[in-house]
Amino acid sequence: VQLQASGGGLVQAGGSLRLSCAASGRDFSINLMGWYRQAPGMQRELVARITNGGDTNYADSVKGRFTVSRDNAKNTLYLEMSSLKPEDTAVYYCRAEVTLYSSGRAAQYQFWGQGTLVTVSS
């Protein structure tokens, strides 16, 4: 399974961006999907995640500003970011917990996208 993230860029403080993460592959189903971010010199942190049933949770720092969603038919994850702040500047990664099916067996794995850079200028 491959995850392809896109949508990052440079935006002024107060602006908006939409990130997308498309999963591709064969014989899989996606369970939990999420967005993480890593700022320079910082550890990677959870931003938001969503179950295949649509339950969501967010980091306190983004609540009310970011919205995570997914299109299960397209195996695509989204992150709508608004009221962006300079402290939101980071590389944003998508992550998926996936069940792979092969020879009548199922196994769980996690996959990461390649990251997309979001830069918010003050």
Side-chain angles (χ1 to χ4, degrees):
V1 173
Q2 291 188 328
L3 301 179
Q4 182 68 44
S6 61
L10 174 63
V11 64
Q12 289 188 333
S16 300
L17 278 176
R18 186 193 197 208
L19 305 184
S20 299
C21 175
S24 60
R26 294 182 59 182
D27 301 324
F28 70 98
S29 62
I30 303 177
N31 309 311
L32 186 68
M33 299 187 82
W35 289 99
Y36 291 73
R37 66 186 181 188
Q38 187 166 18
M42 304 292 286
Q43 289 188 335
R44 191 173 298 188
E45 62 175 1
L46 173 69
V47 176
R49 57 189 176 188
I50 182 169
T51 69
N52 53 7
D55 294 327
T56 59
N57 66 294
Y58 296 87
D60 288 342
S61 59
V62 306
K63 282 181 181 177
R65 300 188 298 121
F66 290 12
T67 301
V68 63
S69 62
R70 62 192 283 177
D71 184 332
N72 291 331
K74 296 181 179 180
N75 290 322
T76 302
L77 175 72
Y78 303 99
L79 186 68
E80 298 275 0
M81 305 185 292
S82 61
S83 302
L84 282 161
K85 305 175 181 179
E87 51 263 43
D88 294 318
T89 295
V91 177
Y92 284 70
Y93 298 90
C94 55
R95 174 183 175 273
E97 294 181 0
V98 174
T99 301
L100 295 181
Y101 303 94
S102 177
S103 303
R105 297 182 178 180
Q108 280 71 47
Y109 299 87
Q110 66 171 354
F111 295 90
W112 290 89
Q114 84 285 7
T116 184
L117 177 62
V118 172
T119 304
V120 184
S121 63
S122 56

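Between the side chain of Arg70 and the backbone N or O of Ile50, at least one donor-acceptor pair lies under 3.5 Å. Judged by distance alone, the side chain of Ser82 and the main-chain N or O of Arg65 form a donor-acceptor pair under 3.5 Å. With hydrogens and angles disregarded, no donor-acceptor distance shorter than 3.5 Å links the side chain of Arg105 to the backbone of Leu100.
Lys85 has no carboxylate O lying under 4.0 Å from a charged side-chain N of Asp88, or vice versa, which leaves the two without a salt bridge.
Listed here is the closest heavy atom pair of Ala39 and Thr89: CB-O, 3.7 Å. The two residues Leu17 and Gly7 come nearest to each other via the heavy atoms CD2-O, 3.8 Å. Pairing each heavy atom of Ser122 with each of Ala13, the nearest pair is CA-CB, 4.4 Å. Closest heavy-atom contact between Gln38 and Met42: NE2-O, 3.1 Å. When all heavy atoms of Phe111 and Leu3 are compared, the closest pair comes out as O-CD1, 3.3 Å. In terms of heavy atoms, Val62 sits closest to Val47 at CG2-O, 3.6 Å.
Interatomic distance, CZ of Phe66 versus CZ of Arg37, reported as 5.5 Å (0.5 Å rounding). The line from OG1 of Thr116 to CD of Gln4 is 9.0 Å long, rounded to the nearest 0.5 Å. Rounding to the nearest 0.5 Å places OG1 of Thr99 at 12.0 Å from CG of Asp27. With rounding to the nearest 0.5 angstrom, the CD atom of Glu80 is 5.0 Å from the CZ atom of Arg18. Between the OH atom of Tyr36 and the CD atom of Glu45 there is a distance of 11.0 Å, given to the nearest 0.5 Å. Atom SG of residue Cys94 and atom CG of residue Leu77 lie 6.5 Å apart, to the nearest 0.5 angstrom.
For Gln114, there are no side-chain hydrogen bond (donor to acceptor under 3.5 Å, both in side chains) partners two or more places apart in sequence or in a different chain.
Applying the 6.0 Å contact sphere to CD of Gln12 captures no more than 12 heavy atoms from other residues, nucleotides or ligands.
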- Audit row: Tyr78, Thr67, side-chain hydrogen bond (donor to acceptor under 3.5 Å, both in side chains) steps and yes/no: CA-CA 8 Å; Tyr78 303 99; Thr67 301; over 6 Å; no
- Task: Please assess Trp35 against Met81 for the test side-chain contact (heavy atoms from CB on, under 4.5 Å), listing each intermediate value before the final yes or no.
- Result: CA-CA 12 Å; Trp35 289 99; Met81 305 185 292; over 6 Å; no
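Ser24 and Asn75 share no donor-acceptor pair across their side chains, judged by distance under 3.5 Å alone.
Cluster annotation: Leu19 and Tyr93 are assigned to distinct hydrophobic clusters (Ile/Leu/Val/Met/Phe/Trp/Tyr, side-chain heavy-atom contacts under 4.5 Å, transitive). Both Ile30 and Tyr109 sit in one connected hydrophobic cluster of ILVMFWY residues. Membership requires side-chain heavy atoms under 4.5 Å apart, directly or through other members. Cluster membership for Leu117 and Trp112, using ILVMFWY side-chain heavy atoms within less than 4.5 angstrom, is shared. Val11 and Val91 are not part of a single hydrophobic cluster, where members link through side-chain heavy atoms under 4.5 Å apart.
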